[in-house]
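Some notes on the structure that comes next.
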Amino acid sequence: MENKSQSDLSTLATVIEGFGDAMFSQDLNNNITSWNMGAQKLFDYGEAEIIGQRIFLLIPAGLEQEQDEILAKVLREESVVKVKSNRRQNGGEEIPVSLMAYPVKDETGQLVGVSYLVRDLRIEGFASDRDSMLAAIIEGSDDAIISKTLEGYITSWNRGAERIFGYTAAEAIGRHITILIPQNRFSEEVHIINSIKRGEYIQHFETERITKDGRLVTISLSISPIRNAMNEIIGVSKIARNITSQKLAAEKQVMLAAIIEGSDDAIVSKTLEGHITSWNAGAFRVFGYTEEEMIGQHITKLIPAYRLQEEVEIINNIKNGNRIEHFETTRLHKLGHEMDISLTISPIKDLNGTIIGASKIARDITEEKRAKEIINQQVKKLEILNSIGKLISEKMDVEFVLQKVTDATTQLVGAAFGAFFYNTVDESGEAFMLYTLSGAPREAFEKFGMPRNTAVFDPTFKGEGVVRVDDITKDPRYGKNSPHQGMPQGHLPVVSYLAVPVVSATGNVLGGLFFGHPEPGMFKAEHEDLVVSLASQTSVALDNSKLFEEVKELSRKKDEFIALATHELKTPLTSMSGYMQLLQKKITDEKNAVFIDKAISQLAKLNTLITDLFDIAKVQAGKLQLQIEEIELTRFLADVVEGLRSTSNTHRLQYSHGQPIWIAGDKIRLEQVMANLVGNAIKYSPKADEVVVEVRLENKEAVVLVKDKGLGISPENLKNIFSQFYRVEGVNSNISGLGLGLYISKEIVERHHGQIEVESEYKKGSVFSFRMPVIEKK
Ligand code: ADP
């Protein structure tokens with residue numbers, strides 16, 4: 001911003017002239033040719049009396065040779081020479097001075113003389129009041145204030161010049177002004193000098209200069225001639241103002257304007273009252289109105305009636321200085337339709353920071369929203385695909401898998417209904433079996449029966465690939481097999497048709513997935529791809545389930561074998577123990593009786609093992625039958641414990657119980673559980689001599705506990721001991737067992753709707769317990 005008036009500038013120029021040092025010049029013949037006020041003051045000669053005099057008038061005796069040398073040097077090198085020397089005043093007094101000598105050229109560039117700038121060294125530092133005031137003004141100015149000779153040599157340089165151009169006064173004074181001028185602007189300087197020589201002032205001339213460190217600065221120049229007392233122009237004063245940042249700001253403005261115009265978004269500004277003050281090209285593209293149509297209009301022109309309240313809230317926010325970002329709403333297009341847009345609104349402030357309006361950036365997100373929707377749909381599809389994929393690979397239940405696949409594919413392709421048909425042929429050799437259906441009731445097929453070997457169906461089952469038809473009613477294959485026709489007319493109005501064979505790894509067509517829709521052209525290539533990939537996964541599932549069935553069959557045979565083998569083993573065992581018991585009664589010899597006892601107890605063990613094996617087979621086959629009866633548990637357990645007492649001569653069996661508890665259970669199986677738990681408690685507490693059995697009522701459940709003070713079980717083993725064949729390693733390698741007892745016991749308890757549990761502390765002992773529901777005794 002130019003805030004200094006022209007008159008200010010010319011005053012300054014005059015100041016320089018008045019305040020300046022002594023300036024004078026000579027020709028090549030050593031005659032004085034110019035003389036300024038400073039010179040008049042310093043040497044006390046009037047301009048009139050000195051012009052034309054010999055230069056030596058000013059040279060003290062003995063310094064003539066130095067003067068000759070200065071002259072010679074200036075002329076030889078065509079450059080400035082600076083010296084400190086003495087000069088003589090009118091009246092003969094010698095004064096110390098600093099002196100600068102410059103070459104003077106005429107218009108043709110011919111050397112015509114030398115000009116001098118001389119400063120009185122005595123008064124340096126204490127200039128007169130007026131001078132120091134002026135000096136202060138010049139030094140304090142932000143502008144560069146420079147004076148130079150007509151030849152372009154710098155004769156004064158203020159602090160503003162130093163700030164703008166980087167050179168100190170000492171560096172700049174005596175140098176040629178071209179150190180500041182970019183090469184491409186040299187001609188400018190010639191033009192300036194010529195103007196000045198004509199006595200013209202140049203005001204606010206915008207140009208570029210170079211700083212000491214090579215930066216370009218944009219400056220505004222005001223240039224005035226410096227005249228001597230005879231009104232001859234002897235130099236130039238320049239005031240330069242750095243307007244680089246101003247220029248940049250202006251450029252930025254232009255750039256911003258370009259950006260705003262170039263933006264795809266609508267960028268609109270409005271007053272706080274809602275009147276539109278600017279409207280860019282993007283706004284035209286988004287809303288359809290031109291700038292002329294909208295400037296001055298009220299913003300509500302763009303807002304659907306039911307959203308007017310929104311604008312009130314927005315303006316309130318803006319008035320509070322808030323910014324609103326990515327606010328999704330709808331606005332009206334010129335053509336009347338609503339658009340989804342995302343708004344960002346910021347307050348506009350004036351220089352004082354007062355909010356005077358709002359700028360709005362509106363982006364049409366209709367497309368974006370649609371794209372998002374599509375992505376969402378795709379994600380949903382992928383989720384379905386993923387879950388179906390998982391299901392197919394995990395489940396062995398064919399019916400379940402096929403139903404899911406049919407449902408999912410029907411949904412994914414957007415069919416009105418879908419079905420899976422097995423490729424089995426009936427006796428007449430022409431029916432396929434409907435297996436699963438989605439989107440249509442089975443009755444819809446009832447009249448239709450099973451699809452026959454029609455021209456429409458046939459290719460699918462013959463493995464001829466996918467059939468996808470936009471309008472099956474127009475297909476030549478359609479209607480060939482009247483009265484059934486291709487699809488059940490009247491029940492399922494099929495127009496769009498898609499059929500994908502499900503082919504096994506060996507190439508057999510296992511069946512087909514069929515889809516229909518009442519409108520034409522519903523099934524696209526992408527749908528076909530989707531079903532084809534699911535069909536191939538499905539065929540893998542079907543193949544797998546076939547393998548699974550085979551394995552199941554093998555396992556069933558194994559169970560049968562074990563059952564048979566157990567039976568075969570048990571028969572001789574039973575007769576052996578019979579004979580043994582007979583022998584026991586016959587033998588009176590105590591020594592031999594011990595052997596018989598041992599044999600009987602080993603036989604009992606063998607019997608248990610075989611029973612366990614047999615039970616395992618039963619459990620696995622799901623054939624563990626229970627003979628349920630009402631049991632009074634406290635008395636039943638008393639009998640069981642009594643029986644178990646006789647099996648151990650190392651441990652005492654303690655039994656405690658409260659009031660009678662009734663349950664429904666299988667006496668033999670429960671006795672088996674007790675035998676297992678008590679047997680284990682004895683087996684795995686070799687150093688203890690007591691096992692405690694307890695029964696009590698807890699929350700309508702009967703709880704039976706078997707406690708020992710034996711080896712205990714470490715936590716990492718605890719979770720596995722109910723698995724079949726699991727035995728804790730190491731600790732009980734010398735204790736016999738198959739790892740089946742707890743597995744079978746758990747099975748039995750659970751079949752009684754109960755639970756079996758264990759609490760154990762390693763090396764301290766264990767508590768095995770089971771609980772089952774009690775019944776009301778009738
Ligand atoms: P088995 O006793 O024939 O090995 P079980 O199924 O009855 O099979 O028991 C499984 C395992 O659980 C045993 O091998 C043993 O390691 C551990 N176990 C069972 N009961 C106890 C107990 N009372 N104290 C310590 N360990 C036990």
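When a ligand or atom number is given, it counts from 1 through the structure's own listing order. Because only heavy atoms are used, hydrogens play no part in the values below, and waters and symmetry mates are left out as well, while side chains stay in.
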Heavy-atom gap [X] to ligand 1 smaller than 4.0 Å:
X    : answer
F768 : yes
L711 : no
N676 : no
K683 : yes
G710 : no

With a 4.0 Å cut-off, would you call [X] and [Y] a salt bridge?
X    : Y    : answer
E761 : K709 : no
K667 : D639 : no
R696 : E698 : yes
R645 : E642 : yes

**Study point:** ligand 1 atoms in contact with V728 (distance to a heavy atom under 4.0 Å)
**Key:**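 Atoms satisfying the 4.0 Å criterion: 14 (O), 16 (O).
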Review point. What atoms of ligand 1 come within less than 4.0 Å of a heavy atom belonging to L740?
Key: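 Every atom of ligand 1 under 4.0 Å from some heavy atom of L740: 6 (O), 8 (O).
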Residue selection (non-hydrogen contact nearest [atom]) among [options]:
atom                    : options                : result
atom 25 (C) of ligand 1 : Y743, Y684, Y762, Y726 : Y684
atom 8 (O) of ligand 1  : S714, G712, G739       : G739
atom 23 (N) of ligand 1 : L742, V706, D708       : D708
atom 12 (O) of ligand 1 : V758, I721, V678, I744 : I721

For residues 505-516, dump all side-chain donor-acceptor pairs below 3.5 Å to protein atoms at least two apart in sequence or in another chain.
{"from": "T506", "atom 1": "OG1", "to": "S504", "atom 2": "OG", "distance (Å)": "2.8"}
{"from": "T506", "atom 1": "OG1", "to": "N508", "atom 2": "ND2", "distance (Å)": "3.4"}

Review point. Does the pair L624 and I748 meet the rule for a side-chain contact (heavy atoms from CB on, under 4.5 Å), with working shown?
Key: CA-CA 8 Å; L624 191 77; I748 292 172; 4.0 Å; yes
Review point. Between S648 (side chain) and H651 (backbone), is there a donor-acceptor pair under 3.5 Å?
Key: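 Looks like yes, one N/O pair under 3.5 Å.
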Check your understanding: What pairs of residues pass the side-chain hydrogen bond (donor to acceptor under 3.5 Å, both in side chains) test when at least one of them lies in residues 740-754, not counting sequence neighbours?
Key ->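 Applying side-chain hydrogen bond (donor to acceptor under 3.5 Å, both in side chains) to every pair that reaches into residues 740-754, excluding sequence neighbours, yields N676-S745, K746-E750.
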